[in-house]
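Data first, discussion second: the structure below is written as structure tokens.
Just so it is clear: chains get the letters A, B, ... in the order the sequence lines come, proteins before strands, and each one is counted from 1.
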2 protein chains.
Amino acid sequence: MATGRTHRPATRSRGIPEATVARLPLYLRALTALSERSVPTVSSEELAAAAGVNSAKLRKDFSYLGSYGTRGVGYDVEYLVYQISRELGLTQDWPVVIVGIGNLGAALANYGGFASRGFRVAALIDADPGLTGKPVAGIPVQHTDELEKIIKDNGVSIGVIATPAGAAQQVCDRLVAAGVTSILNFAPTVLSVPEGVDVRKVDLSIELQILAFHEQRKSGEETPAGDGAVPAAVTPRDDSADQGPDGDVPAVMPA
Amino acid sequence: MATGRTHRPATRSRGIPEATVARLPLYLRALTALSERSVPTVSSEELAAAAGVNSAKLRKDFSYLGSYGTRGVGYDVEYLVYQISRELGLTQDWPVVIVGIGNLGAALANYGGFASRGFRVAALIDADPGLTGKPVAGIPVQHTDELEKIIKDNGVSIGVIATPAGAAQQVCDRLVAAGVTSILNFAPTVLSVPEGVDVRKVDLSIELQILAFHEQRKSGEETPAGDGAVPAAVTPRDDSADQGPDGDVPAVMPA
DNA sequence: CCATCTTTGTGCACGCGTTCACAAAGACAT
DNA sequence: ATGTCTTTGTGAACGCGTGCACAAAGATGG
């Protein structure tokens with residue numbers, strides 16, 4: 001999962017809990033699959049299984065949207081697809097810019113799911129002049145100098161940052177100044193943004209580290225509760241994690 | 001952020017809350033940056049600011065690891081880096097395989113942060129015979145047929161799935177059968193795994209949809225609480241979200 | 001050695017999210 | 001029309017996570 005949001009204490013925006021909002025896309029995906037198989041209705045039990053959640057949770061989630069089910073029958077698939085899409089704001093077109101066209105940026109540009117859900121890649125932006133004009137996923141890369149103009153001309157309000165960490169805050173500031181109010185950040189940095197701007201973060205490194213933690217737990221509980229046998233305190237430790245300046249490593253980028 | 005975990009009700013593994021574990025990598029990154037600037041100690045206030053969290057939360061998080069601070073002074077940077085690294089299991093080497101070498105898989109393979117934190121890309125695997133042998137990020141791609149052998153020969157316990165959604169479950173099953181017990185899934189599917197296997201999911205599409213929700217909230221509260229004016233219920237709606245079979249769209253993949 | 005000042009570690013309260021369990025609602029058969 | 005059966009919608013209880021606020025710990029200076 002991408003982690004974290006910034007600001008907005010616990011914005012139960014109109015009564016829809018944040019946790020529920022995070023699951024709506026999951027339901028939507030499952031429902032879309034059912035829709036394609038022309039399944040007319042689903043029970044909360046079936047849909048919950050498809051989405052990988054508890055059926056009680058699903059029903060409570062839907063209850064925040066309204067009473068869209070029929071007791072004894074279940075939910076009308078098409079109707080629910082529409083309601084969730086509308087609730088998520090997916091019935092309108094969202095122009096998006098991707099800044100930082102490295103390996104990851106290119107991967108994102110090629111992402112099929114982008115276009116298929118109301119999102120449209122309005123522009124690809126990179127600071128490397130050598131990239132300017134070169135088409136990626138059929139879209140010519142534009143230079144960072146054009147950033148403000150692109151945002152304004154296209155009415156972009158969602159930006160994706162796929163730059164190295166060192167450039168992320170600067171790019172973020174420019175995006176925000178130009179009018180972007182939602183940011184998806186792939187760079188391994190904590191972005192600071194003014195009130196009213198949403199930031200979501202996707203961090204591969206963190207996900208792997210969390211997995212490693214659980215993995216360590218599983219394979220042998222070595223050093224049961226070792227508070228005693230620690231190496232010299234202040235002296236520079238000799239173990240790993242010392243190589244690259246992690247703070248400057250691109251999220252997922254070329255070298 | 002990447003979302004979700006599977007199984008394990010709320011595994012407070014040895015008393016360390018899941019929420020805390022998820023923040024440890026954040027602290028570690030901030031600490032590493034300080035370490036590189038040769039800063040000897042930090043207060044909870046400073047470190048919290050750098051990591052983008054509340055200082056009380058940070059102190060409580062650290063309290064789960066032990067009493068590693070000095071009152072009136074703060075925390076010893078090097079010592080804390082070591083303790084967190086150890087807690088996360090980053091002092092050992094974790095061989096990782098990446099399955100599905102499309103745009104995203106390639107991006108992941110090139111990810112610098114991989115190697116710099118105890119993770120080592122042991123192999124790249126793809127089902128396309130045309131890719132077999134071709135080097136990506138300096139590592140030759142191997143064919144899916146070799147999957148089981150690769151896992152066993154290298155003692156791999158962490159697998160990354162970057163395949164199209166349609167192949168994800170099958171790949172997952174093979175990984176698990178071969179001995180993998182932690183999976184980072186980039187494919188937009190709910191993976192079902194046996195007890196004891198951890199799955200974390202990173203889903204770009206979901207992140208964007210969550211952003212869209214908040215974005216919609218911000219720009220004008222149109223249809224204030226519209227339960228009334230809905231389109232024909234069961235009839236196929238005419239709005240967007242109808243194009244691609246979303247369920248089969250690769251996470252972030254070539255066409 | 002004592003006073004002061006800084007900063008940690010944590011007890012406590014609060015709120016969100018999850019889950020259970022059941023009453024109400026409606027479909028369907030007779 | 002009535003009864004049965006399925007499935008929703010939700011009240012209530014519980015547990016986790018967060019943040020406040022403060023006492024204890026220790027550094028530092030006189």
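Rounded to whole angstrom, the span from the CG atom of A:L47 across to the P atom of D:dT8 amounts to 10 Å. D:dT7 atom P lies 16 Å from atom CG of A:D76, rounded to whole Å. Atom CG in A:D61 sits roughly 12 Å away from atom C1' in C:dT19 (whole-Å rounding). Rounded to an integer number of Å, the gap from B:Y64 OH to C:dG9 P is 13 Å. Here the P atom of nucleotide C:dT19 and the CZ atom of A:R59 are 12 Å apart, to the nearest Å. One can place CG of A:L65 at 14 Å from C1' of D:dT8, the figure rounded to the nearest angstrom. Look at NZ on A:K57: it is 17 Å from P on D:dT8, rounded to the nearest Å. For the pair A:R71 CZ and D:dT7 P, the computed distance is 13 Å after rounding to whole Å.
Within 4.0 Å (heavy atoms only), A:F62 reaches no atom of the nucleic acid at all.
Comparing D:dC20, D:dA27, D:dT8 by their nearest atom to the side chain of B:V73 picks out D:dA27. Considering only the side chain of A:E18, C:dG17 comes nearest among D:dT10, C:dG9, C:dG17. Counting only heavy atoms from C-beta on, A:P17 has its side chain closest to C:dG17 among C:dG17, D:dC20, C:dG9. When distances are taken from the side chain of A:S67 to each of C:dC20, D:dG19, D:dG9, the shortest belongs to D:dG9.
Nearer the 5' end of DNA chain C, as judged by each residue's closest nucleotide, is the contact made by A:A19, out of A:A19 and A:G72.
At least one side-chain nitrogen or oxygen of A:S44 sits closer than 4.0 Å to the OP1 or OP2 atom of D:dT8. Taking side-chain N and O atoms only, A:R23 has a distance below 4.0 Å to OP1 or OP2 of C:dT18.
When only modelled atom types and interatomic distance are considered, B:S205 and B:Q209 share a side-chain donor-acceptor pair under 3.5 Å.
Among A:D198, A:L90, A:V21, the single residue meeting the side-chain contact (heavy atoms from CB on, under 4.5 Å) criterion with B:F213 is A:V21.
With hydrogens and angles left out, the side chain of A:K60 and the base of C:dT19 share a donor-acceptor pair within 3.5 Å.
A:N54 is linked by a side chain to side chain donor-acceptor pair (under 3.5 Å) to nothing, counting only residues two or more places apart in sequence or in another chain. Taking the side chain to side chain donor-acceptor pair (under 3.5 Å) definition, one finds that B:S43 meets it with B:E46, sequence neighbours left out.
Between A:Y68 and A:F62, the gap from one ring centroid to the other reaches at least 6.0 Å.
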